[in-house]
Amino acid sequence: MLLLLVEVCQAQQATPPLQQDSTLTDTTKQKFDDRVMENLRQMSERKTIMGKLLKAVLVFDRGGEEVYGLDAELIEKEYEKHTYKIVRRIDFMGMKPFGYSVHDTTKAPKNFFEKAGNSLHMRTGRGLIRNKLLFEKDAPLEPLALVESERLLRQTRYILDARIIVNEETTTEDSVDVFVITRDIFSLGGSGSLDPSSGRGRITLRELNFLGQGHQVEGSYRFGITTRPRPWEAAGYYTIENIGRTYITADMAYVDKNFYKEKSVLLRREFFSTNTRYAGALGVNWIEQRIMLAPTSEDTIARYANLGYNQQDVWLGRSFRFKSYNLGYEPRSRLILGLRFTRTDYSIKPSDSFQDNTLVMGSLGYSIRKYYKDRYLFGFGRTEDIPTGTLLSLTTGYEEGDLRDRKYFGASVSMAKYQTDFGYLYGKASYGSFVRDSQWEQGVLQLETLYFTKLSEWGNWKLRQFFWGRGTWGINRNPEELLSINDESGLRGFRSTLLRGSRRVALNYEANLYTPFSLFGFKLATVVFADFAWLSSQSESSPFKGAPYRGYGVGLRFRNEYLSFSTIQFSLSYYPQLPINEEIKAFRIFNTSRPYYDFQDFQFTRPGVADFY
């Protein structure tokens, strides 16, 4: 670092005076980041060890590449004029992760690390890309098929970005040629940590595109654990997507931790596209876990109990589209029916609240799904699809148990709008409860809203702000069913064992400032956040009776869009109010690799009991 500072100073001194050459850029008027990057560029051209190192690891071409189709027009407007034309030809261009661009196919890797990374990567198979497309050669082009296929490719874990282009030069009145461009993610990744003083550590390895065939494998191992009954824990996951072009996905999981064990197999097919007619799933799992019992005000340590069960689950959904008499227009609205059957057998019961049961549920839904394109939401410049629309659902069911029988009723409504000059606004309200002997039990009311502002830009600097509000009210819940305000549930980075309740309200604010700096392909953003959470300790009390728990913090977020472990964030947080019966530090440094916010799509999912967590 000292050598780097010396080189920067020398580069600044080596710059000739401005008045000696009127053609030089007036560096006194340049932005700070432009001056720094120009100095580093000059250093990289030197034939020194530091110059060669900087040229290898830094990316100096910081100008934002031109991106098409981000004008916030509905995506289907791009290609609606080609509806029902015959697809005459489909050409594919698959790019490796580093140094390429789906928006500028002339770009190529420049430095050593980009070329070396590409040499270790196996490009996604063309057949795998073809299986994701909703259109075929020598067949009519259905409405929305082009834009929905492009979106599905981008949502794939092993694809970074995708563009589907119609060759306008060869297009005729009745046929089209289509060009599919994709750019892979570097699918091999992992992470790890080691504490030399205690010998405790963790290692995780993942491959998101095994042999270029889309199979996803992940394994993790923890060792040297001294605070648990056993010093090691292990977990493994395996996923196969789009089996035989049916869009059926197989998920397998094996988890062997001290206080959580799982073996599960699931076959699932979702309403992946607006035009999908059938969805469903078939799965079985075996789970053993330790759950926390309801704490009292005098408790200084948590009390736990064991829970074990086996569950078989199957559901089927059918979508119906409304008739349209306009040949060139595809209505987005759908009516969906769903039916689900679940059987749960408990091997370990911590209390009489748990009973072996068979649950049959049916639901009726109405969905409108639309998508916009934007950037700098959860990524650092890649194209992102923003879901908007409306989803209404009504659910009813009947549970037959070995101790008692009861009915279930639930309803949910969610909506979202997006405009370039306003931003994105999402809202949801849902309620669900069992009914037994005219008494409502295990009920939950949930309210949620998410707003993010439009992207503000000052040259290569960009700013976006997020506001997130959530409320969860438990109604006659079982004593073992408790809410926390830890991490994603309320205050990010906060960890409390005993702080639990049945009603919770959380408000979160975050500002992301995206900088133009890049190192080893990792772009940098600064994060400022403020969190507030209210929690009631009694099932009938209001969470607003007490002062909120608060968390304030700053952080640095590094993201490499081309790697499977794309995001790394380090944060410093401060919590001015802490539980009185626990020893928790007011300041905490923590890291995370998951985004705190996420979009809720408007696709219909399986009928189910409202979540309480």
Backbone N/O of Asp385 and side chain of Gln155: donor-acceptor pair under 3.5 Å: no
Heavy-atom side-chain contact between Tyr426 and Glu448 under 4.5 Å: yes
N/O donor-acceptor pair under 3.5 Å between Arg500 side chain and Ser496 backbone: yes
Side chain Ser502, main chain Gly474, donor-acceptor under 3.5 Å: no
Heavy-atom closest pair, residues Gln600 and Pro387: O-CG, 4.0 Å
Exam field: side chain Ser367 to backbone Phe602, donor-acceptor pair closer than 3.5 Å: yes
N/O donor-acceptor pair under 3.5 Å between Ser149 side chain and Leu134 backbone: yes
From OH (Tyr158) to OG1 (Thr182), nearest 0.5 Å: 10.0 Å
Any pair counted as salt bridge (Lys or Arg N to Asp or Glu O under 4.0 Å), so long as it reaches residues 546-557, sequence neighbours left out: Glu510-Arg557
Gly443 backbone acceptor or donor facing Arg477 side chain under 3.5 Å: yes
Trace of the side-chain contact (heavy atoms from CB on, under 4.5 Å) decision for Glu270 with Gln603: CA-CA 8 Å; Glu270 301 172 347; Gln603 70 178 24; 3.5 Å; yes
Tyr418 and Phe452 aromatic ring geometry - parallel, tilted or perpendicular at 30°/60° bounds: tilted
Side-chain heavy-atom pair Ser363, Ser393 within 4.5 angstrom cut-off: no
CZ-CG distance between Arg559 and Leu524, expressed to the nearest 0.5 angstrom: 13.5 Å
With Phe494 via ring pair (Phe, Tyr, Trp, His ring centres under 6.0 Å) - residues at least two apart: Tyr575
Thr388 side, atom OG1; Tyr371 side, atom OH - distance, nearest 0.5 Å: 9.0 Å
Donor-acceptor under 3.5 Å (Asp184 side chain, Thr124 main chain): yes
Contact check, side chains of Arg495 and Arg588, non-hydrogen atoms, under 4.5 Å: yes
With sequence neighbours excluded, residues passing ring pair (Phe, Tyr, Trp, His ring centres under 6.0 Å) with Phe604: none
Side chain Lys96, main chain His121, donor-acceptor under 3.5 Å: yes
Check: Thr274 main-chain N/O paired with Glu148 side-chain donor or acceptor under 3.5 Å: yes
Contact summary for Leu146 and Val166, nearest pair of heavy atoms: CD1-CG2, 3.7 Å
All ring pair (Phe, Tyr, Trp, His ring centres under 6.0 Å) counterparts of Tyr247, not counting sequence neighbours: Phe272
Glu241 side chain to Thr249 side chain, donor-acceptor N/O pair below 3.5 angstrom: no
Separation between OG1 of Thr449 and CZ of Arg470, rounded to the nearest 0.5 Å: 11.5 Å
Between CZ on residue Phe92 and CZ on residue Phe179, distance to nearest 0.5 Å: 10.0 Å
Where Ala610 and Val444 come nearest, the two heavy atoms and their spacing: CB-CG1, 3.4 Å
Heavy-atom pair with the smallest gap, counting every atom of Lys132 and Leu153: CB-CD2, 3.6 Å
pair Thr420-Asp374: side-chain heavy atoms closer than 4.5 Å: no
Side chain to side chain contact (heavy atoms under 4.5 Å, CB included) partner of Val102, the single match among Ile165, Ile181, Ile164: Ile181
Verdict with supporting geometry, Asp251 and Tyr237, side-chain contact (heavy atoms from CB on, under 4.5 Å): CA-CA 8 Å; Asp251 297 307; Tyr237 306 91; over 6 Å; no
Geometric class of the Phe186/Phe98 ring pair [parallel <30°, tilted 30-60°, perpendicular >60°]: tilted
Side chain to side chain contact (heavy atoms under 4.5 Å, CB included) partners of Thr453, counting only residues at least two apart: Tyr451, Arg464, Gln465, Phe467
Closest contact, heavy atoms only, Trp461 versus Pro516: CE2-CD, 3.6 Å
Intermediate values then yes/no, side-chain contact (heavy atoms from CB on, under 4.5 Å), Leu141 and Thr83: CA-CA 6 Å; Leu141 188 62; Thr83 295; over 6 Å; no
Test item: Glu481 side-chain N/O and Phe612 main-chain N/O as donor-acceptor pair under 3.5 Å: no
Heavy-atom neighbours of Tyr613 OH exceed 12 at 6.0 Å: no
Heavy-atom side-chain contact between Arg163 and Arg183 under 4.5 Å: no
Contacts of type ring pair (Phe, Tyr, Trp, His ring centres under 6.0 Å), residue Phe378, not counting sequence neighbours: Phe599
Steps toward side-chain contact (heavy atoms from CB on, under 4.5 Å) verdict (Ser571, Arg492): CA-CA 10 Å; Ser571 302; Arg492 68 197 82 189; over 6 Å; no
Side chain to side chain, Val505 and Trp473, heavy atoms closer than 4.5 Å: yes
Spacing of Asp531 atom CG and Trp468 atom CH2 [to the nearest 0.5 Å]: 10.0 Å
